[in-house]
Amino acid sequence: MERLHIGIPLADRRTRDNLSMLANAITAWRTGDTSMRLKLNYSGDRLDYSSGVTTDYFSSDIPDFVQNKSLRTSSHDVTAQLNSEVNKSGYYLKNKLVADALWRNSDSDVSGSYSLGQRVKRRTLSVVDDLRLVKRNDKRLVTVSSRNSVNHNPQELNVTGDEINADQWINTTDVRSTTEVKYGRFFGRWKLYTSGGVDLNYHRLRSSLTGRELPVEGDGHYNAFVSGVYVTPQLDYDYRSFNLSIWLPVKWRHYSIAGNRDFVDVSPRVWVRKQIGAKSEFSASVAYAMSSPSAEMFVDTPFMLDSRNIYRAVAMERYTNSSSASLTYKYRNPLSAFFANISGSFQLSRAPFMSNQLFTGDFIVSTYSPMACTSRIMSLSGGLSKGVGHGRLVMGIDASMNHVTSATMREGGKVPYKQWFVSVNPYVKGNIVRWLSMAYDMHGQHNSFAIEGEPPSHVNSFNHSLSLTVLPNDYWMFTAGCEHYYTRFAEGNHSNLVLFDASVVWQITGRTRLSLTASNLLDERSYRYMSYGTLSQSEYAYRIRPRNVLASVQVRF
């Protein structure tokens, strides 16, 4: 099952108020061909933001869902990283060891269709070691990569309300080791690479979900072992303006999760490229994949994702098959500063299962049903750019179109749907004169969603930004910017948002720099946009960070 989304175009800094702390220390030393670097980091963050969502499920049997959320999160992250590097004429070795400890809490108050409080506590302790060794001569290339990691993640979720009460805790420990060797031989115009590896993963899971008015409850106790052995032959051919690459990855997987299961994945791919003269080229690829179900599908314990959504996997032992093809044309003329490209692709996927949403009281249970699903995705994209004024200014446009045909399930019934997404992005960037530069970007989007047998729903959004930078001399820099966001909703109503920012930088000396930045000078307070989900249409509202001014001093020693 495939679908497209429209995401919020606003940057996080526009919708979140936060208090951040950061400290780091770095030391490095070198002995002969060996260099070492130790880095210690601490980051802390407290974040507040408010949002609201109204969701229409395109069904008269399911009432609209309204949720207003006020959220505060706090996090502390401590990281230690040791890098080692050996660079000799015969070989190259690099190792990175990272230890990380993360504490993250969040508290939210929810109102709308119901009122409740939600508390989340997460802890993560991890150690990861990455090793890479490269040895090469005129005829052979050998690369060895190894990654070993240990992760421990306890998590807790508590939901309390007048009609809902739930507690969930999850404790996972994951130990994983992957080792890969890549070997290459060169035969004139031909190059033969063979990579192979072993992937070993032990996963321990303990979980519990209990509460009042929950549609499902349960405890989970799993000691899972997932292993894999894979090999990927690759053949390359290069002759003048023609290039050919052929891949044939094969992977054997073994799952020891509530029983033993074995799968074999294959995913061959062919890519060709033809240079036409000095300015243009064609490239094309075809691929096929037979993929086994992920190991998580065999863990049928229910998990509460938030105060309304519960996920429960269903064991599926059948393969998913997909095939794809793409074609790309590129034109480059550096002398006239003209560049163009266009590409198209098609993907066909057949899965043995379909996602299924079950509405039970105030909850949505997301699971799977053993019903075949065929999805088709067609994509077309391209771009043009032209330099003017001896390359001082660049004008261009990028555009893309995607069409998805697929199906999903609701309350056990199959619901076919179609979705279209069109995006256009013209821009102008560069220096108008020596002391004045500008950047203009416009993004227009059209999104349409239609359930089979019903008229489509449309959403149009538009945003553009303009920034000007003035550099009167080497000591001062003035910047002013404006952003405009417009969304037209399916009902015909719309929202407008205009944001103004400005900044000034004074380079007092070569080592001292003073800056003053003002954001949201018009003091706008809210923004609305729309997104399509699985058989649903959601209208979001975000509280915007009010007008703020930041002064900073940078001193280099």
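- Atom CE of Met395 is surrounded by 12 or fewer heavy atoms from other residues, nucleotides or ligands within 6.0 Å.
- Around the CH2 atom of Trp506, the shell of radius 6.0 Å holds no more than 12 heavy atoms that belong to other residues, nucleotides or ligands.
- Test Val127, Thr172, Asn171, Val175 against His152 for side-chain contact (heavy atoms from CB on, under 4.5 Å) and you get one pass: Asn171.
- Ring-plane geometry between His403 and Trp420 is classed as parallel, the angle between the planes falling under 30 degrees on a 0 to 90 degree scale with a further cut at 60.
- Using modelled atom types and a 3.5 Å distance limit, the side chains of Asp109 and Ser70 yield no donor-acceptor pair.
- No salt bridge links Arg176 with Asp174; every basic N to acidic carboxylate O contact stays at or beyond 4.0 Å.
- Ser552 pairs by the side chain to side chain donor-acceptor pair (under 3.5 Å) definition with Ser515, not counting sequence neighbours.
- You'll find the side chain of Thr408 reaches within 4.5 Å of the side chain of Tyr417, heavy atoms only.
- In this structure, the side chains of Leu214 and Leu209 come closer than 4.5 Å at one or more pairs of heavy atoms.
- Remark: Lys39 NZ is loosely packed, at most 12 non-hydrogen atoms of other residues, nucleotides or ligands lying under 6.0 Å away.
- Between Asp107 and Arg119, at least one side-chain nitrogen of the basic residue sits less than 4.0 Å from a carboxylate oxygen of the acidic one, meeting the salt-bridge criterion.
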Could you check Met297 against Phe353 for side chain to side chain contact (heavy atoms under 4.5 Å, CB included), going step by step and ending with a plain yes or no? CA-CA 11 Å; Met297 296 289 287; Phe353 54 85; 4.3 Å; yes
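- Checking Asp219 against Ser208 by side-chain atom types alone, a donor-acceptor pair falls below 3.5 Å.
- Judged by the 6.0 Å and 45° rule, Arg308 forms a cation-pi pair with Phe65.
- The aromatic rings of His464 and Phe462 sit tilted, their planes meeting at an angle between 30° and 60°.
- A side-chain donor from one of Thr124 and Asn153 sits under 3.5 Å from a side-chain acceptor of the other.
- Residue pairs satisfying the side chain to side chain donor-acceptor pair (under 3.5 Å) criterion with at least one member in residues 310-320, sequence neighbours excluded, are listed as follows: Arg261-Glu317.
- Taking the side chain to side chain donor-acceptor pair (under 3.5 Å) definition, one finds that Arg547 meets it with nothing, sequence neighbours left out.
- When only modelled atom types and interatomic distance are considered, Asn356 and Ser369 share a side-chain donor-acceptor pair under 3.5 Å.
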